[in-house]
Amino acid sequence: MDKFQSVRGFHDLMGDELRRFRYVSELIREKLLLYNFEEIVLPVVEYLEVFQRSIGETTDIVQKEMFAFQDRKGRWLALRPEGTAGAVRAYIQHSLYALKPYMKLFYEGPMFRYERPQAGRYRQFHQIGAEVFGSKDPLTDAELISLVYEILSELGIPVVIEINSIGCKICRPAYRSVLLEYLSHVERNLCEVCIDRKDRNPLRVLDCKVPACKEAVKEAPKMVDYLCEECREHYTRLKEYLSALSIPYRENPYLVRGLDYYTKTVFEAVSEELGITVIAGGRYDYLVEELGGPPTPAVGFAVGLERLSMLVKEVPAQEPLYFVIPFGPVEDFALWVAKRLRAEGKRVELSYRKGSLKKQLELANRLGVRYAVIVGEEEKAGSFYTLKDMETGEQVRVEITF
RNA sequence: GAGAGCGUAGCUCAGCUGGCAGAGCAGUGGACUGUGGAUCCACGGGUCGCGGGUUCGACUCCCGUCGCUCUCCCCA
C-alpha cells in the first residue's frame with residue numbers, strides 16, 4: 001500500500017528546522033511589539049479580486065501563481081499569496097483609519113504560491129509582514145528599514161539593504177515614456193519576456209536577470225533622475241535618516257518590485273551569500289484608495305520565515321532537560337517529583353520505561369538529558385532525590401523541602 | 001513554464017558487464033533492577049518509487065510515469 005505523502009510544495013515543519021523557525025519568528029515578533037506594532041490575524045482566503053486589484057493583474061503572482069478556486073456558490077476565492085492585500089482590506093473594512101491618526105499592524109502566517117519548489121521556497125510558506133497606514137513621512141520608511149536592519153543584525157545575518165524610489169502618479173508616467181522611448185531603441189537586444197513586458201510594465205525590464213537585458217539597460221534613464229519635487233525630497237530625506245541611523249544601504253536604481261502597488265520607496269534586504277532577498281518592502285500610497293478606502297499613504301515590508309531561518313547559523317540552546325527515573329516500585333513518588341521540578345520551571349521528562357539503572361541512564365543519553373533524577377526506594381523513604389549531571393558524572397543528594 | 005541530478009531497510013549509502021538483497025548507524029531483546037556517554041551476543045526490518053518492454057533471468061539495460069532535490073523565470 002502506498003504511503004500518503006504531503007502535497008508537493010507543502011511540508012511539515014518539525015525538529016531542528018522548526019526550532020530555528022520559532023526562534024526567528026519570535027525574535028521578529030518581539031521586535032515588532034517594541035516598535036508598537038499591533039498584531040492582526042488575517043484570514044488565509046480572500047476574494048480573488050482583492051489580490052487582482054492590489055497586486056496587479058499583469059503580475060506573475062496573479063497571472064500564474066495563485067491558488068484560486070470557486071466556492072459552492074461559484075464565487076472566486078484565492079489562498080493569499082501575500083499579506084498586504086488582506087491587511088489593506090481589513091483596514092478599510094473595519095474603518096481603522098477612523099480609530100487612530102495612523103495605524104501600525106503586523107501579521108504572521110502561511111502564504112501560498114503555485115511555484116516550482118526549490119531551496120528555501122515552498123508553495124506554502126510563512127511570512128511576517130508589517131504595515132504602517134496613514135503616514136507619508138519618510139521618517140516612517142526610515143524606521144521600517146531600521147527595524148528590518150535590526151532584526152537581521154540580531155539574527156546574525158549579513159545583508160545589504162538596497163533602496164530605490166520608483167516615484168508616484170505625478171512623476172512616473174513621464175519617466176515611463178522616457179524609458180519606453182529608450183527601450184524601443186534597444187528592443188532587439190532584449191529577451192523575449194522583456195519585449196513582452198516592455199509595454200505592460202516597462203519598469204520591470206530594469207531588473208531582468210538576463211545578461212543581455214542587463215547590458216541593454218545599462219544606459220537606461222533612471223527613475224531617480226526623473227522624480228518630482230515631492231518624491232525627490234522624500235527620497236533625499238530617507239537617505240539622510242538612514243545615514244543618521246548608521247544603516248549601511250546601497251542605492252540600486254534598477255530595484256523594482258514585482259507587485260504593482262508600490263510607490264516612492266522600495267527596499268530589499270539581500271543576502272549576498274545566497275543571492276536571495278530575505279526581507280522586502282516599500283511604500284504603497286494609493287492602494288488603500290484603490291481598494292475603496294479613503295486616500296491613505298502606507299508603507300510595509302514582509303519577511304519570508306523559511307528563507308530567513310535557513311540563514312540563521314546558531315539558535316540558542318534549549319533548556320536543560322531533567323530526566324526522572326523511577327527505580328523500583330516508586331512510580332507515585334517519581335510522578336510527584338517530576339511535577340515538583342516542573343513547578344520550579346524546569347523542563348522535565350519522566351521515564352516511561354522499566355529497566356536496570358544502567359538501561360535508564362543509556363536511555364537518558366539517547367534522549368539528550370542533562371540531569372538524571374534518580375528516585376528509588378531509598379530516596380522515597382528519605383524524601384530526597386539523587387541528581388546526576390550527565391556531562392560531568394557528578395552526583396548529589398537533593399533534599400526535598402516542604 | 002524551461003532545464004539538470006537523484007529514487008535500494010527508519011537514516012546514510014554500496015550493489016561491477018544482467019545471475020541468491022547488502023553494510024554502517026538507528027531500533028528491539030538479552031548474563032545486567034543502584035550508575036550512562038563506541039563491551040559483547042542475538043533478532044526484526046525490503047513491492048530496489050510505479051507501470052511496461054528486452055531477456056532463460058532485470059535493483060542493474062530501454063521506454064513511460066510519479067516523486068524528491070537543485071537551477072532558471074518569479075518572488076519573501
Side-chain angles (χ1 to χ4, degrees), chain A residues 1-9 11 24 28 55 58-66 80-84 108-130 148 159 191-194 196-197 204 207-211 213 256-259 267-271 274-282 300-311 323 325-330 351 353-379 386-395:
Chain A
M1 142 134 177
D2 286 347
K3 279 188 207 167
F4 278 117
Q5 236 178 333
S6 62
V7 174
R8 181 166 167 79
H11 82 308
V24 169
I28 296 171
I55 298 167
T58 63
T59 58
D60 283 10
I61 294 181
V62 165
Q63 285 196 332
K64 48 187 204 195
E65 294 176 359
M66 276 214 280
R80 60 179 181 193
E82 55 101 54
T84 300
E108 170 175 11
M111 305 293 162
F112 306 85
R113 287 184 202 171
Y114 197 95
E115 299 179 278
R116 204 82 165 243
Q118 56 184 274
R121 176 194 296 191
Y122 303 94
R123 287 181 176 180
Q124 176 179 336
F125 60 103
H126 297 78
Q127 283 188 339
I128 293 183
V148 163
V159 289
C191 71
E192 258 179 64
V193 187
C194 281
D196 187 48
R197 75 178 148 206
R204 297 298 311 285
D207 73 343
C208 183
K209 309 295 185 294
V210 177
C213 295
V256 176
R257 310 278 316 132
L259 291 74
F267 63 92
E268 289 190 0
V270 184
S271 158
L274 293 191
I276 58 174
T277 296
V278 289
I279 302 186
F301 70 81
V303 39
L305 292 175
E306 282 85 355
R307 259 184 206 190
L308 203 50
S309 309
M310 210 167 64
L311 294 170
F323 188 57
I325 301 169
F327 190 69
V330 292
S351 177
R353 283 206 186 170
K354 297 274 181 238
S356 63
L357 197 51
K358 184 187 173 81
K359 280 263 186 271
Q360 294 278 12
L361 291 169
E362 275 172 16
L363 189 57
N365 274 323
R366 271 180 298 153
L367 293 173
V369 167
R370 176 63 201 272
Y371 298 106
V373 178
I374 303 165
V375 294
E377 288 174 284
E378 277 173 50
E379 281 86 352
T386 301
L387 183 70
K388 183 184 178 75
D389 186 323
M390 296 298 284
E391 276 175 26
T392 63
E394 277 170 41
Q395 201 165 298

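Please read these numbers as outputs of a predicted model, since none were measured by experiment. Both backbone and side-chain heavy atoms feed into the values below; hydrogens, waters and symmetry mates do not. So that the names make sense, note that chain A is the first sequence line, chain B the second, and so on, each numbered from 1.
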Query - Gap between atoms OH and P, on A:Tyr122 and B:rC68 respectively (whole Å) - result: 12 Å
Requested in this report: Using whole Å, report how far NE2 of A:His11 lies from P of B:rC70.
Outcome: 11 Å
Query - Pairwise C1' distance for B:rU54 and B:rG15, with rounding to whole Å - result: 22 Å
Requested in this report: Write down the distance separating the C1' atoms in B:rC43 and B:rA26, rounded off to the nearest Å.
Outcome: 14 Å
Query raised in the report: Which value, in whole Å, describes the distance between the C1' atoms of nucleotides B:rC61 and B:rG57?
Result: 13 Å
Query raised in the report: Is A:Glu391 touching bases, backbone alone, or none of the nucleic acid, heavy atoms closer than 4.0 Å?
Result: base
**Report entry** Side-chain heavy atoms of A:Leu308 within contact of A:Ile28, under 4.5 Å
**Finding:** yes
Query raised in the report: Any donor-acceptor pair under 3.5 Å joining the side chain of A:Gln360 to the base of B:rU35?
Result: no
When the side chains of residues 360-370 of chain A are checked against the rest of the protein, which donor-acceptor pairs come out under 3.5 Å, sequence neighbours left out?
residue	atom	partner	partner atom	Å
A:Gln360	OE1	A:Ser351	OG	2.8
A:Gln360	NE2	A:Arg353	O	2.7
A:Arg370	NE	A:Asp389	OD1	3.3
A:Arg370	NH2	A:Asp389	OD2	3.0

**Report entry** Side chain of A:Ile374 (C-beta onward), nearest among B:rA2, B:rU35, B:rC32
**Finding:** B:rU35
Query raised in the report: Roughly, in whole Å, what's the span from CD in A:Glu268 to C1' in B:rC74?
Result: 12 Å
**Report entry** Beyond-backbone contact of A:Ile276 with A:Met310, side-chain heavy atoms, under 4.5 angstrom
**Finding:** yes
Requested in this report: Considering only atom P, compute the distance from B:rA31 to B:rC20 and round it to an integer number of Å.
Outcome: 39 Å
**Report entry** Side-chain N or O of A:Arg366 closer than 4.0 Å to phosphate OP1/OP2 of B:rU28
**Finding:** yes
Query raised in the report: Do A:His11 and A:Arg123 have side-chain heavy atoms sitting under 4.5 Å apart?
Result: no
**Report entry** B:rG36 phosphate, OP1 or OP2, under 4.0 Å from A:Arg370 side-chain N/O
**Finding:** no
**Report entry** Interatomic distance where CG belongs to A:Leu387 and C1' belongs to B:rG34 [whole Å]
**Finding:** 16 Å
**Report entry** Whichever of A:Lys359 and A:Met390 has its nearest RNA chain B nucleotide further upstream toward 5'
**Finding:** A:Lys359
Report task. Name the nucleic acid region contacted by A:Ala280, choosing base, sugar-phosphate or nothing; use a 4.0 angstrom heavy-atom cut-off, strictly under. Result -> sugar-phosphate
Report task. Please state how far atom CZ in A:Arg204 lies from atom P in B:rC73, giving the value in whole angstrom units. Result -> 11 Å
Report task. Pick base, sugar-phosphate or nothing for A:Glu82, based on heavy-atom distances below 4.0 Å to the nucleic acid. Result -> nothing
Query raised in the report: Looking only at atom C1', what distance separates B:rU65 and B:rC6, rounded to whole Å?
Result: 16 Å
Report task. Can you check whether any acceptor in the base of B:rC66 is under 3.5 Å from a donor in the side chain of A:Arg8, or vice versa? Result -> no
Query - Length of the CD-P vector between A:Glu115 and B:rU71, whole Å - result: 13 Å
Report summary line: RNA chain B in dot-bracket form (Watson-Crick or G-U pairs under 3.5 Å, [ ] crossing, | inter-strand) is (((((((..((((.....[..)))).((((.........)))).....(((((..]....))))))))))))....
Query raised in the report: If the P atom of B:rA42 is compared with that of B:rG49, how far apart are they to the nearest Å?
Result: 31 Å
Query raised in the report: Between A:Gly83 and A:Gln127, which heavy-atom pair has the shortest distance, and what is it?
Result: N-OE1, 4.2 Å
Query raised in the report: Between the base of B:rU35 and the side chain of A:Lys388, is there any donor-acceptor pair under 3.5 Å?
Result: yes
Query raised in the report: Under 3.5 Å, is there a donor-acceptor pair linking the side chains of A:Thr386 and A:Gln395?
Result: no
Requested in this report: Mind checking A:Gly129 for me? I need base, sugar-phosphate or nothing, with any heavy atom below 4.0 Å counting as a touch.
Outcome: nothing
Report task. Name the nucleic acid region contacted by A:Glu379, choosing base, sugar-phosphate or nothing; use a 4.0 angstrom heavy-atom cut-off, strictly under. Result -> base
Please list every donor-acceptor pair under 3.5 Å in which a side-chain atom of residues 58-66 of chain A meets a protein atom from a residue at least two apart or in another chain.
residue	atom	partner	partner atom	Å
A:Thr59	OG1	A:Gly56	O	2.8
A:Thr59	OG1	A:Val62	N	3.4

Report task. Taking only the side-chain nitrogens and oxygens of A:Gln118, find out if one of them lies under 4.0 Å from OP1 or OP2 of B:rU71. Result -> yes
Query raised in the report: Which whole number of Å gives the distance between the P atom of B:rC74 and that of B:rC63?
Result: 33 Å
Requested in this report: Select base, sugar-phosphate, or nothing to describe what A:Asn365 touches, counting heavy atoms under 4.0 Å on all strands.
Outcome: base
Requested in this report: Send over the distance from A:Leu361 CG to B:rU39 P, rounded to a whole Å.
Outcome: 15 Å
Query raised in the report: Heavy atoms under 4.0 Å, any strand shown: does A:Thr386 hit a base, just sugar-phosphate, or nothing?
Result: base
Report task. Name the nucleic acid region contacted by A:Glu377, choosing base, sugar-phosphate or nothing; use a 4.0 angstrom heavy-atom cut-off, strictly under. Result -> base
Report task. For nucleotides B:rU28 and B:rG37, find the distance between their P atoms and express it as a whole number of Å. Result -> 16 Å
Query raised in the report: Between B:rC74 atom P and A:Lys64 atom NZ, what is the distance in whole Å?
Result: 8 Å
Query raised in the report: On a plain distance test, is the side chain of A:Gln395 in donor-acceptor contact with the base of B:rG36 below 3.5 Å?
Result: no
Query - Pairwise side-chain contact, A:Val270 with A:Thr277, heavy-atom cut-off 4.5 Å (strictly under) - result: yes
Query raised in the report: Which sits closer to the 5' end of RNA chain B, A:Val369 or A:Pro117, going by the nucleotide each is nearest to?
Result: A:Val369
Report task. Consider the side chain of A:Ser356, meaning its heavy atoms from C-beta on, and name the nucleotide among B:rG1, B:rU33, B:rU39 that approaches it most closely. Result -> B:rU33
Report task. Would you sort out whether A:Ile55 and A:Glu82 count as a side chain to side chain contact (heavy atoms under 4.5 Å, CB included), showing the intermediate values? Result -> CA-CA 9 Å; A:Ile55 298 167; A:Glu82 55 101 54; 3.6 Å; yes
Requested in this report: Output yes when a side-chain donor or acceptor of A:Glu306 lies under 3.5 Å from a complementary backbone atom of A:His126, and no otherwise.
Outcome: yes
Query raised in the report: Given B:rU28, B:rC72, B:rU35, which nucleotide is nearest the side-chain atoms of A:Arg353?
Result: B:rU28
Requested in this report: Using a heavy-atom cut-off of under 4.0 Å over every strand shown, decide if A:Arg123 touches base, sugar-phosphate, or nothing.
Outcome: nothing
